[in-house]
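Encoded as structure tokens, the structure appears first; notes follow it.
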Amino acid sequence: QVQLVESGGGLVQAGDSLRLSCAASGRTFASYAMGWFRQAPGKERELVAAVGWTGSRKNYADSVKGRFTISRDKIQNTMTLQMNSLKPEDTAVYYCAVEREMYGLGSERPYDYSYWGQGTQVTVSS
């Protein structure tokens, strides 16, 4: 079956960096957009960054632009999120997801994603 597994989360101080990884198995997602979402307690799940099926087009939430970088490796069937200059407001569970339709550009809506990982916790202290 399809599996998405996130890793790389942890507890860091404000200003520090983390790199999150998502490993997919069960099928290739080379023709699908992928994205990172996050959800803090009491808040809606929101897009952090998404990368289109080609790996070129990238969309970022305004709150992370200039600090986070999304990338994907179609051969390895993986995706990463490099997070720099972390802030306490970045604290959340971060989820890896794959878009439902082929050849997508990276939707900002969680509804448009069909496969989800279990999430990895990122905690940023001040």
Side-chain angles (χ1 to χ4, degrees):
Q1 67 272 3
V2 171
Q3 284 189 306
L4 300 175
V5 180
E6 302 96 337
S7 62
L11 173 62
V12 298
Q13 296 186 49
D16 210 340
S17 298
L18 280 175
R19 178 182 285 267
L20 305 184
S21 296
C22 171
S25 61
R27 62 173 294 179
T28 178
F29 293 108
S31 300
Y32 296 83
M34 300 181 69
W36 288 97
F37 291 78
R38 67 186 181 188
Q39 188 166 26
K43 298 181 64 177
E44 293 288 313
R45 187 168 299 189
E46 65 176 358
L47 176 75
V48 178
V51 56
W53 77 278
T54 68
S56 296
R57 181 160 181 164
K58 300 174 181 179
N59 301 316
Y60 295 93
D62 288 341
S63 61
V64 308
K65 286 181 179 177
R67 299 189 297 121
F68 291 8
T69 302
I70 189 172
S71 61
R72 68 184 298 173
D73 186 324
K74 291 189 174 185
I75 302 301
Q76 295 294 321
N77 217 23
T78 59
M79 179 176 64
T80 65
L81 183 69
Q82 177 65 46
M83 305 186 295
N84 298 327
S85 302
L86 283 162
K87 305 174 180 179
E89 50 262 45
D90 294 318
T91 296
V93 177
Y94 284 70
Y95 297 91
C96 170
V98 179
E99 204 170 86
R100 181 179 66 253
E101 297 186 3
M102 296 180 68
Y103 311 121
L105 301 178
S107 172
E108 67 178 6
R109 304 191 307 169
Y111 174 82
D112 290 330
Y113 292 77
S114 294
Y115 297 101
W116 296 83
Q118 294 300 306
T120 185
Q121 177 71 46
V122 172
T123 302
V124 185
S125 63
S126 59

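- Legend: residues meeting side-chain hydrogen bond (donor to acceptor under 3.5 Å, both in side chains) with Thr54, ordered by chain and number and at least two apart, are absent.
- Residues that satisfy the side-chain hydrogen bond (donor to acceptor under 3.5 Å, both in side chains) test with Ser63, not counting sequence neighbours, are Arg38.
- Here the closest heavy-atom approach between residue Ser17 and residue Asn84 is recorded as OG-OD1, 2.9 Å.
- Residue Thr91 comes nearest to Ala40 through the heavy atom pair O-CB, 3.7 Å, listed as atom of the first residue, atom of the second, then distance.
- When the side-chain hydrogen bond (donor to acceptor under 3.5 Å, both in side chains) test is applied to Gln121, the partners found at least two apart in sequence or on another chain are Thr123.
- Note on residues 49-73: pairs passing salt bridge (charged side-chain N to carboxylate O under 4.0 Å, His left out), not counting sequence neighbours, are Asp62-Lys65, Arg67-Asp90.
- A donor-acceptor contact shorter than 3.5 Å links the side chain of Glu6 to the backbone of Gly119.
- Among residues two or more places apart in sequence or in another chain, the side chain to side chain contact (heavy atoms under 4.5 Å, CB included) test is passed with Ser7 by Ser21.
- Separation of atoms OG (Ser126) and CD (Gln13) is listed at 9.0 Å; rounding is to 0.5 Å.
- Under the rule for a side chain to side chain contact (heavy atoms under 4.5 Å, CB included), the partners of Ser114 that lie at least two apart in sequence or sit in another chain are Arg100.
- The list of ring pair (Phe, Tyr, Trp, His ring centres under 6.0 Å) pairs with a residue in residues 104-126, not counting sequence neighbours, reads Phe29-Tyr115, Phe37-Tyr113, Phe37-Trp116.
- Residues meeting the side chain to side chain contact (heavy atoms under 4.5 Å, CB included) test with Thr69, sequence neighbours left out: Tyr60, Gln82.
- Scanning all heavy atoms of the two residues, the minimum distance from Asp112 to Ser107 falls at OD2-OG, 2.5 Å.
- With Ser31 contributing its side chain and Met102 its backbone, the two residues share no donor-acceptor pair below 3.5 Å.
- With Asn59 contributing its side chain and Gly106 its backbone, the two residues share a donor-acceptor pair below 3.5 Å.
- When all heavy atoms of Met34 and Cys22 are compared, the closest pair comes out as CE-SG, 4.3 Å.
- The 12-atom threshold is not exceeded at CD of Glu108, counting heavy atoms of other residues, nucleotides or ligands nearer than 6.0 Å.
- Residues passing the side chain to side chain contact (heavy atoms under 4.5 Å, CB included) test with Thr28 are Ala30, Asn77, sequence neighbours excluded.
- Every pair passing ring pair (Phe, Tyr, Trp, His ring centres under 6.0 Å) that includes a residue from residues 67-103 is listed here, sequence neighbours excluded: Trp53-Tyr103.
- Residues Ala97 and Leu4 come closest through the heavy atom pair CA-CD1, 4.1 Å.
- Contacts classified as salt bridge (charged side-chain N to carboxylate O under 4.0 Å, His left out) and involving residues 15-33 (residues at least two apart or in different chains) are not found.
- Partners of Gln118 by side-chain hydrogen bond (donor to acceptor under 3.5 Å, both in side chains), not counting sequence neighbours: none found.
- What you find for Val122 and Leu18 is that their closest heavy atoms are CG1-CD1, 3.9 Å.
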